[in-house]
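The structure appears right after this line, and notes come after that.
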Amino acid sequence: SFFGFFWLVELMSTHGGFPLPLSVVFLLLLSVYQAGQFAVTAWLFARGINRAWPPELVFPLSFAAAELVYPQLFPWYFGACLHNVPIAIQSADLAGPVFVSLLALIPNLVAASLITHGLGVARPRIQILAVSALIGVVALIYGSLRIRSCYAVEQTATPLKLGVVQTNVPMNITTTDDHL
């Protein structure tokens, strides 16, 4: 989260009145705290593996559980990495953003399983991988159908005129008349 929220340093310095070094320390503390979500994922994963549960199932469930319950100051989801793939994020309307995160994990899960198998570390559990892949394919089909249905509604909708104002005033500019 350090690179995702780097803008907080300028925000805290400019508008919070904090010295720059202290603003950087605040961001570092926030980053360490938010990284705790991955520690929770690792802890849950290790507990499942110690019980001899299948890693192909334990990791995504651990990841989803941590993403669902770990409190974040600025909530974000791994599934947001798919924001440029509209077909993949449509299922969020059915199962929420954590499900989209799981969809983003599926190809990685399959790749990791095949790599560990190729290295002779573990034998892949084909049933779990097949179900995961099937869920991903169904989600993509749903996404395609959902986008088409939205376009169909858009084609029959009554046009609406809107006006949008974007000021784009940088954080370090005050709103006095000489800056507008």
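Residues take their numbers from the sequence shown, with the count starting at 1. Nothing here was measured: the structure is a model prediction, and the numbers come from that model.
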message: Could you go through T41 and F59, starting from their C-alpha distance and side-chain angles, then the distance that decides it, and tell me whether this counts as side chain to side chain contact (heavy atoms under 4.5 Å, CB included)?
response: CA-CA 8 Å; T41 299; F59 183 76; 3.8 Å; yes
message: Tell me whether the count of non-hydrogen atoms from other residues, nucleotides or ligands lying under 6.0 Å of CZ in F74 goes above 12.
response: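 Counting other residues, nucleotides and ligands, CZ of F74 exceeds 12 neighbours.
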Derivation of the side chain to side chain contact (heavy atoms under 4.5 Å, CB included) call for F78 and L105: CA-CA 9 Å; F78 180 65; L105 285 178; 3.9 Å; yes
Backbone N or O of [Y] within a donor-acceptor pair of the [X] side chain at under 3.5 Å?
X    : Y    : value
T14  : L11  : no
S113 : V110 : no
S144 : L140 : no

- request: Indicate the ring-plane relationship of F38 and W76, choosing parallel, tilted or perpendicular according to the 30° and 60° boundaries.
  value: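 Judged by the thresholds at 30° and 60°, the geometry between F38 and W76 is tilted.
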query: For the residue pair F5 and W7, does the interplanar ring angle fall in the parallel (under 30°), tilted (30 to 60°) or perpendicular (over 60°) class?
result: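 Taking W7 first and then F5, their aromatic rings stand perpendicular (interplane angle over 60°).
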Pair Y151-R148, side chain to side chain contact (heavy atoms under 4.5 Å, CB included): steps then yes or no: CA-CA 5 Å; Y151 283 146; R148 286 185 196 163; 5.7 Å; no
Report whether [X] and [Y] are members of the same hydrophobic cluster (ILVMFWY, side-chain heavy atoms less than 4.5 Å apart, transitive linking).
X    : Y   : answer
V32  : L28 : no
W43  : V69 : no
L109 : F63 : no

task: Write down the atom of V100, the atom of S91, and the distance for their closest heavy-atom approach.
output: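 Distance-wise, the nearest heavy atoms are CG2-OG, 4.2 Å.
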query: Which atom names give the shortest non-hydrogen contact between I49 and P55, and what distance separates them?
result: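 Shortest heavy-atom contact: CD1-CB, 3.5 Å.
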message: Check for me whether the distance between the ring centres of Y70 and Y33 falls short of 6.0 Å.
response: yes
- prompt: Would a 4.5 Å heavy-atom cut-off, applied to side chains only, mark F99 and I135 as touching?
  reply: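 Yes, at least one pair of side-chain atoms sits under 4.5 Å.
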